[in-house]
Amino acid sequence: VQLQASGGGLVQAGGSLRLSCAASARTFTRSNMGWFRQAPGKEREFVAAISWSWSSSSTYYADSVKGRFTISRDTAKSTVALQMNSLKPEDTAVYYCAARIQGDYNRGYYDTGDYDYWGQGTQVTVSS
């Protein structure tokens, strides 16, 4: 499975960015997807996750981004997006998308060890 993340950049505090992650179509339908981030000198941390489902996927968020970030997936295009609004300087990090192949139906995964594949990361910088 290959994951290609894009959409990072430099934005002022209060602004918005939309990250996108393109995945291999063959396994995307039953993949649980997640976004993580890693700031300099810190461990990689969970940001958001979305389950696979035959109807409506369930979404999960870290407390620090709840109400500001929205994760979504487009099964037809094999992509997962992270809409980030009301950005803060503390959101500055490299953002990674991740995939867990054939995870449990309608379940979120929060740990880096839960995921099988990772994208290359995209830098998000929020200036104050």
Trainee: Can any side-chain N or O of Asp116 pair as donor or acceptor with the backbone N or O of Ile101 at less than 3.5 Å?
Mentor: yes
Trainee: So does Val126 get a backbone contact from the side chain of Thr92, meaning a donor-acceptor N/O pair under 3.5 Å?
Mentor: yes
Trainee: Is it the case that the side chain of Asp111 and the backbone of Gly113 share a donor-acceptor pair, with hydrogens and angles ignored and the cut-off at 3.5 Å?
Mentor: no
Trainee: Count the heavy atoms of every other residue, nucleotide or ligand shown that sit under 6.0 Å from CD of Gln102, and state whether that count exceeds 12.
Mentor: no
Trainee: Does Thr122 use its side chain to pair, donor to acceptor, with the backbone of Gly8 at less than 3.5 Å?
Mentor: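 Yes.
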Trainee: Rounded to the nearest 0.5 Å, what's the gap from CH2 on Trp52 to CZ on Arg73? Could you check?
Mentor: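 Rounded to the nearest 0.5 Å, the CH2-CZ separation comes to 9.5 Å.
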Trainee: Can you check whether Leu17 reaches Leu87 side chain to side chain, under 4.5 Å on heavy atoms?
Mentor: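 Yes. Closest side-chain heavy atoms under 4.5 Å.
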Trainee: Hey, quick one: are Val80 and Tyr96 part of the same hydrophobic cluster, counting side-chain heavy atoms closer than 4.5 Å, chains of contacts allowed?
Mentor: no
Trainee: Rounded to the nearest 0.5 Å, what's the gap from SG on Cys97 to CG on Leu82? Could you check?
Mentor: 10.0 Å
Trainee: Identify the two heavy atoms, one from Tyr105 and one from Ser53, that lie closest to each other, and give their separation to 0.1 Å.
Mentor: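 Looks like OH-OG, 3.3 Å.
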Trainee: With the side chain counted from C-beta on, respond yes when Trp118 and Thr112 share a heavy-atom pair under 4.5 Å apart, and no when they do not.
Mentor: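 Yes - at least one pair of side-chain heavy atoms lies under 4.5 Å apart.
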Trainee: Tell me the closest heavy-atom pair linking Arg18 and Ala81, and the distance in Å.
Mentor: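 Between these two residues, the closest heavy atoms are NH2-CB, 3.5 Å.
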Trainee: Taking the side chain as every heavy atom from C-beta outward, state whether Met33 and Tyr109 have any pair of such atoms under 4.5 Å apart.
Mentor: no
Trainee: Hey, are the side chains of Tyr61 and Thr70 touching, using non-hydrogen atoms and a 4.5 Å cut-off?
Mentor: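 Heavy-atom side-chain distance check passes, below 4.5 Å.
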Trainee: List the atom of Ser86, the atom of Ser16, and the distance in Å for their closest heavy-atom pair.
Mentor: N-OG, 4.4 Å
Trainee: Could you measure the distance from the CG atom of Asn32 to the OH atom of Tyr60? Nearest 0.5 Å is fine.
Mentor: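 One finds 8.0 Å between CG of Asn32 and OH of Tyr60.
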Trainee: Is a side-chain N or O of Ser57 found less than 3.5 angstrom from the main chain of Ser51, in a donor-acceptor match?
Mentor: yes
Trainee: Sequence neighbours left out, cut at 3.5 Å: what donor-acceptor pairs do the side chains of residues 34-43 make with other protein atoms?
Mentor:
{"unit_1": "Arg37", "atom_1": "NE", "unit_2": "Glu45", "atom_2": "OE2", "d": "2.6"}
{"unit_1": "Arg37", "atom_1": "NH1", "unit_2": "Asp91", "atom_2": "OD1", "d": "2.9"}
{"unit_1": "Arg37", "atom_1": "NH1", "unit_2": "Tyr95", "atom_2": "OH", "d": "2.9"}
{"unit_1": "Arg37", "atom_1": "NH2", "unit_2": "Glu45", "atom_2": "OE2", "d": "3.2"}
{"unit_1": "Gln38", "atom_1": "OE1", "unit_2": "Arg44", "atom_2": "NE", "d": "3.4"}
{"unit_1": "Gln38", "atom_1": "OE1", "unit_2": "Arg44", "atom_2": "NH2", "d": "3.4"}
{"unit_1": "Gln38", "atom_1": "NE2", "unit_2": "Lys42", "atom_2": "O", "d": "3.1"}

Trainee: Applying a strict under-4.5 Å side-chain criterion to I, L, V, M, F, W and Y, I'd like to know whether Ile50 and Leu3 cluster together.
Mentor: yes
Trainee: Tell me if a side-chain donor or acceptor on Gln2 pairs with a main-chain N or O of Ala23 at a distance below 3.5 Å.
Mentor: no
Trainee: Just verifying a value: how many Å separate Gln4 CD and Cys21 SG, rounded to the nearest 0.5 Å?
Mentor: 8.0 Å
Trainee: Work out which heavy atom in Ser58 is nearest to a heavy atom in Asn106; give both atom names and the distance.
Mentor: OG-OD1, 3.1 Å
Trainee: Any donor-acceptor pair under 3.5 Å linking the side chain of Asp74 with the backbone of Thr79?
Mentor: no
Trainee: Heavy-atom distance under 4.5 Å between the side chains of Phe69 and Asn85, does that happen here?
Mentor: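 Of all side-chain heavy-atom pairs linking Asn85 with Phe69, none is under 4.5 Å.
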Trainee: Membership question, hydrophobic clusters at under 4.5 Å side-chain separation (ILVMFWY): are Phe28 and Tyr117 in the same one?
Mentor: yes
Trainee: Is there a side-chain contact between Ile71 and Gln83, using heavy atoms and a 4.5 Å cut-off?
Mentor: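 Answer no - side chains too far apart.
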Trainee: Do any N or O atoms from the side chain of Arg100 and from the backbone of Asp114 form a donor-acceptor pair under 3.5 angstrom?
Mentor: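 It does hold such a pair.
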Trainee: Is there a side chain to side chain contact (heavy atoms under 4.5 Å, CB included) between Val124 and Val94 once you walk through the steps?
Mentor: CA-CA 6 Å; Val124 171; Val94 177; over 6 Å; no
